[in-house]
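Down below is the structure, laid out as structure tokens.
For the numbers below, each heavy atom of this structure counts, side chains included, while hydrogens, waters and symmetry mates do not.
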Amino acid sequence: MRRYLVLVLVILLVAGCKKEKDPAVAGTITIDNNLYGEGPYYAMGFSFSGAKKTSTLDNPPPDITLIAVTDIYGSILKLNLQTTNFKSSFYKAGQYASATDAKLAYDNLNSATVSQWEEDADAIEAGQIWIFRTATEKYAKFLITAAFSEERDVWPYAECTFEWAYQPDGTLTFP
């Protein structure tokens with residue numbers, strides 16, 4: 001009986017020991033500008049440090065969210081990525097005509113020097129490489145692989161797919 005009890009305890013200890021997995025530092029994600037909830041409304045942005053979509057109601061909020069900039073008639077003029085960290089945080093590191101050239105440049109971008117940060121990632125489109133500065137002075141690079149928008153009855157819809165790499169050590173050197 002004692003042998004069975006020890007075996008059950010060992011099994012329970014092994015099953016209960018789970019190591020917390022560190023969040024990913026690179027990947028591909030698609031975000032959109034849909035609003036959710038019934039009040040307060042929220043959108044889903046992206047957190048580089050958490051490596052996941054995050055609600056704009058969360059604390060901390062997402063690093064970036066997508067918006068469709070419209071004219072007074074609701075026609076979509078452009079797509080922007082924005083942040084709520086109260087500092088200029090975007091730098092366009094390049095724009096490429098072909099997906100192959102953009103991917104090659106992104107993969108070869110191991111370190112960056114930023115001359116001037118911008119408030120938003122303005123007029124995003126496929127083939128652009130951006131550097132982002134988080135509220136905690138950590139950095140990410142991302143390559144926009146697709147951007148899509150369409151005018152809908154109630155709300156203009158937009159989505160953006162990007163490949164990203166996060167540098168949690170606070171340098172502009174990417175693995």
Is [X] reaching over with its side chain to a backbone N or O of [Y], donor-acceptor style, under 3.5 angstrom?
X: Asp58; Y: Pro60; answer: no
X: Ser47; Y: Pro62; answer: no
X: Arg133; Y: Ser88; answer: yes

Separation between [atom1] of [X] and [atom2] of [Y], rounded to the nearest 0.5 Å:
X: Ile124; Y: Ser149; atom1: CD1; atom2: OG; result: 9.5 Å
X: Glu163; Y: Thr145; atom1: CD; atom2: OG1; result: 7.5 Å
X: Thr65; Y: Met44; atom1: OG1; atom2: CE; result: 11.5 Å
X: Thr70; Y: Ile67; atom1: OG1; atom2: CD1; result: 9.0 Å
X: Asp120; Y: Asn80; atom1: CG; atom2: CG; result: 5.0 Å
X: Gln128; Y: Ile144; atom1: CD; atom2: CD1; result: 5.0 Å

- Item | From CA spacing to verdict: side-chain contact (heavy atoms from CB on, under 4.5 Å), Leu172, Ser111 | CA-CA 5 Å; Leu172 279 165; Ser111 65; 5.7 Å; no
- Can Glu151 and Ser75 be said to form a side-chain contact (heavy atoms from CB on, under 4.5 Å), step by step? CA-CA 7 Å; Glu151 295 173 14; Ser75 298; 3.5 Å; yes
Smallest separation among heavy atoms of [X] and [Y], with atom names:
X: Ala126; Y: Ala147; value: N-CB, 4.5 Å
X: Asn33; Y: Pro156; value: ND2-O, 2.8 Å
X: Ala102; Y: Leu143; value: CB-CD1, 3.7 Å
X: Ala43; Y: Leu35; value: CB-CD2, 4.1 Å
X: Tyr42; Y: Ser55; value: CD1-OG, 3.4 Å
X: Thr54; Y: Pro61; value: CG2-C, 4.5 Å

- Task: Would you please name every residue forming a ring-ring contact (aromatic ring centres under 6.0 Å, His included) with Phe132, sequence neighbours left out?
- Result: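 Testing Phe132 for ring-ring contact (aromatic ring centres under 6.0 Å, His included), a comparison that skips the adjacent residues, returns Phe48, Phe90.
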- Taking it one step at a time, do Asp63 and Asn85 satisfy side-chain contact (heavy atoms from CB on, under 4.5 Å)? CA-CA 8 Å; Asp63 289 318; Asn85 67 15; 6.0 Å; no
Under 4.5 Å between side-chain heavy atoms, counting indirect links through other Ile/Leu/Val/Met/Phe/Trp/Tyr residues: same cluster for [X] and [Y] or not?
X: Ile29; Y: Tyr36; answer: no
X: Tyr139; Y: Val114; answer: yes
X: Ile76; Y: Ile31; answer: yes
X: Ile131; Y: Tyr106; answer: yes
X: Ile64; Y: Leu57; answer: no

- Neighbour count >12 (heavy atoms, 6.0 Å) for atom CH2, Trp155: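 Open: at most 12 neighbouring heavy atoms sit under 6.0 Å from CH2 of Trp155.
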- Check whether NZ of the Lys or CZ of the Arg Arg152 lies under 6.0 Å from the centre of the six-membered ring of Tyr157 and within 45 degrees of that ring's axis.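 Checked: cation-pi criterion met.
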- Message: Just to verify, which of Phe162, Trp164, Tyr166, Phe46 counts as forming a ring pair (Phe, Tyr, Trp, His ring centres under 6.0 Å) with Phe142?
- Response: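 When ring pair (Phe, Tyr, Trp, His ring centres under 6.0 Å) is applied between Phe142 and each of Phe162, Trp164, Tyr166, Phe46, only Phe162 qualifies.
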- Does a donor on one side chain sit under 3.5 Å from an acceptor on the other, for Thr134 and Thr136? yes
- Would you call Glu119 and Lys87 a salt bridge, taking side-chain N to carboxylate O under 4.0 Å as the test?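 Result for this pair is no, no salt bridge flagged.
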- Task: Carefully, step by step, assess Lys78 and Glu125 under the rule side-chain contact (heavy atoms from CB on, under 4.5 Å).
- Result: CA-CA 9 Å; Lys78 61 186 176 177; Glu125 57 187 54; over 6 Å; no
- Message: Can you confirm whether Leu79 sits close enough to Val69 that some side-chain heavy atom of one is under 4.5 Å from a side-chain heavy atom of the other?
- Response: no
